[in-house]
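Report on the following structure.
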Amino acid sequence: MKKRVYSAEFKSSAVRLSYERENIKELADELGIQVQRIYKWRSSEKTFTNPKPIISKKTETDSLEVKELRKALKEKELELEILKKAVHIFSKSDGKSTNS
C-alpha cells in the first residue's frame with residue numbers, strides 16, 4: 001500500500017476547516033482522510049503557531065441576537081414591574097370605590 005503525501009497547503013486548509021466545522025468526522029469523510037490525521041495535523045500546527053479561534057458569521061449573529069433578546073427581556077421585566085405596582089395601587093381599598 002502506497003503512503004499518501006499531502007501538501008502543506010492541503011494540510012493547513014484541512015486544519016482551518018476543522019476549526020470552522022462542528023463535526024470533524026464529516027470533514028474527514030469529505031476530504032477522504034482519517035479523522036486521526038486531522039487531529040495530528042492540528043497538534044503539529046499548534047506547535048508552530050497558536051491558532052486564533054475563528055468566529056463565524058453564525059456566532060456573530062447569534063451573539064447580536066442574544067444582546068437584542070436580553071435588552072427586550074429587560075424592557076419586559078420593567079413593564080411587568082410597573083404593571084404590578086399599578087395593580088397594587090388600584091386594588092387598594094380606600095373606602096371610596098366600594099359600591100354600597
Side-chain angles (χ1 to χ4, degrees):
M1 193 167 164
K2 245 183 171 180
K3 184 177 179 180
R4 290 184 64 184
V5 178
Y6 300 97
S7 68
E9 183 179 317
F10 179 81
K11 291 178 184 180
S12 65
S13 67
V15 169
R16 182 181 48 80
L17 286 172
S18 73
Y19 285 115
E20 292 175 357
R21 300 271 187 98
E22 290 182 20
N23 192 334
I24 294 179
K25 178 160 180 14
E26 287 179 2
L27 174 65
D29 291 340
E30 289 175 21
L31 296 175
I33 58 177
Q34 296 177 345
V35 177
Q36 296 86 358
R37 189 174 306 267
I38 292 177
Y39 285 112
K40 183 179 178 182
W41 292 342
R42 281 173 114 181
S43 63
S44 67
E45 196 169 286
K46 281 183 183 178
T47 59
F48 296 115
T49 60
N50 191 5
K52 296 178 182 176
I54 299 172
I55 300 174
S56 65
K57 290 183 180 182
K58 182 179 177 184
T59 306
E60 290 174 2
T61 56
D62 286 348
S63 64
L64 181 61
E65 184 179 8
V66 167
K67 286 180 183 179
E68 290 173 357
L69 289 172
R70 284 184 179 157
K71 182 179 178 181
L73 178 62
K74 282 184 180 181
E75 288 175 4
K76 294 301 177 187
E77 287 175 341
L78 181 61
E79 288 176 11
L80 181 62
E81 188 178 328
I82 291 170
L83 286 172
K84 283 181 180 180
K85 288 180 180 179
V87 167
H88 180 70
I89 291 170
F90 288 118
S91 68
K92 283 186 179 177
S93 176
D94 59 0
K96 295 180 183 175
S97 62
T98 57
N99 294 332
S100 302

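When side chains are defined from C-beta on, Lys74 does not count as touching Leu78, because their heavy atoms never get closer than 4.5 Å. Contact annotation: the side chain of Tyr39 never approaches that of Gln36 to less than 4.5 Å [non-hydrogen atoms, C-beta and beyond]. Between Ile24 and Arg42 the shortest side-chain heavy-atom distance falls below 4.5 Å.
Within the model, atoms CD of Glu65 and OG1 of Thr61 stand 7.5 Å from one another, a figure rounded to the nearest 0.5 Å. Between the CD atom in Glu77 and the CZ atom in Arg70 there is a gap of 12.0 Å [rounded to 0.5 Å]. With rounding to the nearest 0.5 angstrom, the CG atom of Leu31 is 9.0 Å from the OH atom of Tyr6. For the atom pair Ile38 CD1 and Glu45 CD, the distance stands at 12.0 Å (nearest 0.5 Å). Here CG of Asn23 is found 11.5 Å from OG of Ser18. Values are rounded to the nearest 0.5 Å. Note: Lys71 NZ to Glu75 CD = 6.0 Å, rounded to the nearest 0.5 Å.
Closest of all the heavy-atom pairs between Ala14 and Trp41 is CB-CZ3, 3.9 Å. Of all heavy-atom pairs spanning Val35 and Lys25, the tightest one is CG2-CA, 3.8 Å. Across Ala28 and Gln34, no two heavy atoms sit closer than the pair CB-C, 4.1 Å.
Ion pairing of Glu79 with Lys76 is present here, as a side-chain N (NZ or NE/NH1/NH2) and a carboxylate O approach within less than 4.0 Å.
The number of heavy atoms from other shown groups lying within 6.0 Å of CD (Glu30) is above 12.
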